[in-house]
2 protein chains.
Amino acid sequence: MGWTERVVAHLADEGHRLTGPRRAILDYILRYSVPFTSEELIADLQKAGVHVGRATVYRTLELLHNYQWLSLVHRPEGEHGYVVAEPGHQHHLVCRRCGMVTAFQGCEIESLLGGLAERLNFRIEGHWLEAFGVCRGCQRANNERV
Amino acid sequence: MGWTERVVAHLADEGHRLTGPRRAILDYILRYSVPFTSEELIADLQKAGVHVGRATVYRTLELLHNYQWLSLVHRPEGEHGYVVAEPGHQHHLVCRRCGMVTAFQGCEIESLLGGLAERLNFRIEGHWLEAFGVCRGCQRANNERV
DNA sequence: AGTGTAGTGATACAAAATATCAAAAAGATT
DNA sequence: AATCTTTTTGATATTTTGTATCACTACACT
C-alpha cells in the first residue's frame, strides 16, 4: 500500500471527505524529489492544468501536515518546504546543493535530552532535528567537475 | 559586560556603525522573555514611542542574526521567532506554554550524525536541533491549579 | 568642523497567507 | 437514484509579511 493510499485511508478514518482536489494534490505531491512550498505547488498545479483553488492547496497542506503526512524542512535557501513523510518520529538530512531530503530515524537524542531535562527540570515532549550537508550524488558530481 | 555591550563591541570590530536606531533596537530586544518576530518588534517599538523605520528593523535583525547574536526558534504557534543568543553552536528548549527559551550546548549529536553520515555517504556540515516541552515554572503552575 | 560613506526611513511594491461566503459535491439515508 | 446534511471548495478581497528604491541623515575618522 503506497503513501497516497495510506493517507486516503487515514483521512477517511478521521472523518474527512475524499474530494477531487485533495486527490489531485496527493497525486501531484509525490512527483517532488525536493521540498516544495505552498506557492510552488500552487504554481505547478496551475502549469500542469490541474485546477485547484489556492485556498484549497493551503488547507490541504495544513491538513496533511497536522497528521504528519507532510514534514517541514529548512531548504538551503532559507525557507520552509514540505516533504512527504510518515506519521511518527522522523528526522531529515537536507542536501545543500540539490535539496534532496533523506529521512532517518534512530534517535539516540532522546537519551541526551533526557539527561538535560532532568538537570533543568524541563519536561521535554518532543524535538526537531535536521541536518544539512552534501549528499553522495552531489559530492561525486563535484569531484568529477574539478 | 552584558549582551548589548558585547554586541556593540563586536559590530564596531566588524566595521559597522553604532547608530541610534541600532542602539534602540538592541536595548529594546532585551525586554523580551520569549521569542519575538520582526513584525512584533516593529509594532512594540511603535507603541513604545521608539521611532524606527520598518526596513531598519528588518535589516538590524538580519545583521544580528548573521553574526549569531540572535537565533531563530520555532514558536509553539508555528512561526519563527528571534531569541537573544551568543555566537557559537547552541540549541534551545522552548516551553510550549509560556514560550520561554533556554539555551543549551553539549552536543553529542555530532557523533550520532557522524555514524549516520558514514552509512549514507552524506557529508554533514551542520545541524539544527530544538526541543520543546514544558518548563519548570509552567509545570508548577499547572500542578497548583489542579 | 569637514567629509566620505554606511545607514536610515518614507514609500511603493511584491509576495505569502488568511477570511469570507455562496455554490458545489461527498457521503449517509432513505 | 433522489434527497438531505454537512464538509469542502474556489473566487475574491484583504491582511500580513518582507523587499526595493533612493534622497537624505548622521556616524566615524581626520
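Model, not experiment: these values are computed from the prediction. Protein chains get the first letters and strands the later ones, always in sequence-line order, with residue 1 at the start of each.
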Whole Å only: how far is the [atom1] atom of [X] from the [atom2] atom of [N]?
X: Leu18(A); N: dA26(C); atom1: CG; atom2: C1'; value: 9 Å
X: His51(A); N: dA23(C); atom1: NE2; atom2: C1'; value: 13 Å
X: Ile42(B); N: dA10(C); atom1: CD1; atom2: P; value: 12 Å
X: Phe36(A); N: dA16(C); atom1: CZ; atom2: P; value: 15 Å
X: Asp13(A); N: dG27(C); atom1: CG; atom2: C1'; value: 15 Å

Which residues within residues 58-67 of chain A lie with some heavy atom under 4.0 Å of an atom in DNA chain C?
-> Tyr58(A)

What parts of residues 21-31 of chain B reach DNA chain C, counting only heavy atoms under 4.0 Å away?
-> Pro21(B), Arg22(B)

Calculate, to the nearest 0.5 Å, the distance between atoms CD1 and CZ belonging to Ile124(B) and Arg96(A) respectively.
-> 11.5 Å

Any chain of hydrophobic side-chain contacts (each under 4.5 Å) joining Val84(B) to Leu45(B)?
-> yes

Say whether Leu63(B) and Ile42(B) are linked into one hydrophobic cluster, either directly or through other cluster members, by side-chain heavy-atom distances under 4.5 angstrom.
-> yes

Aromatic plane relationship, Tyr82(A) with Phe36(A) - under 30° parallel, 30 to 60° tilted, over 60° perpendicular |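 Geometry flag for Tyr82(A) against Phe36(A): tilted rings.
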
What are the bounds, 5' to 3', of the part of DNA chain D that sits under 4.0 Å from heavy atoms of chain A?
-> dT6(D) to dA11(D)

DNA chain D: Arg54(B) or Arg17(B), which has the more 5' nearest nucleotide?
->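 The residue mapped nearer the 5' terminus is Arg54(B).
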
Between dA26(C) and Thr19(A), is there an OP1 or OP2 to side-chain N/O distance shorter than 4.0 Å?
->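 Answer is no, no contact under 4.0 Å.
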
Please determine if Glu40(A) and Lys47(A) form a salt bridge, counting it only when a charged side-chain N lies under 4.0 Å from a carboxylate O.
->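 Judged by the 4.0 Å cut-off on N to carboxylate O distance, Glu40(A) and Lys47(A) do not form a salt bridge.
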
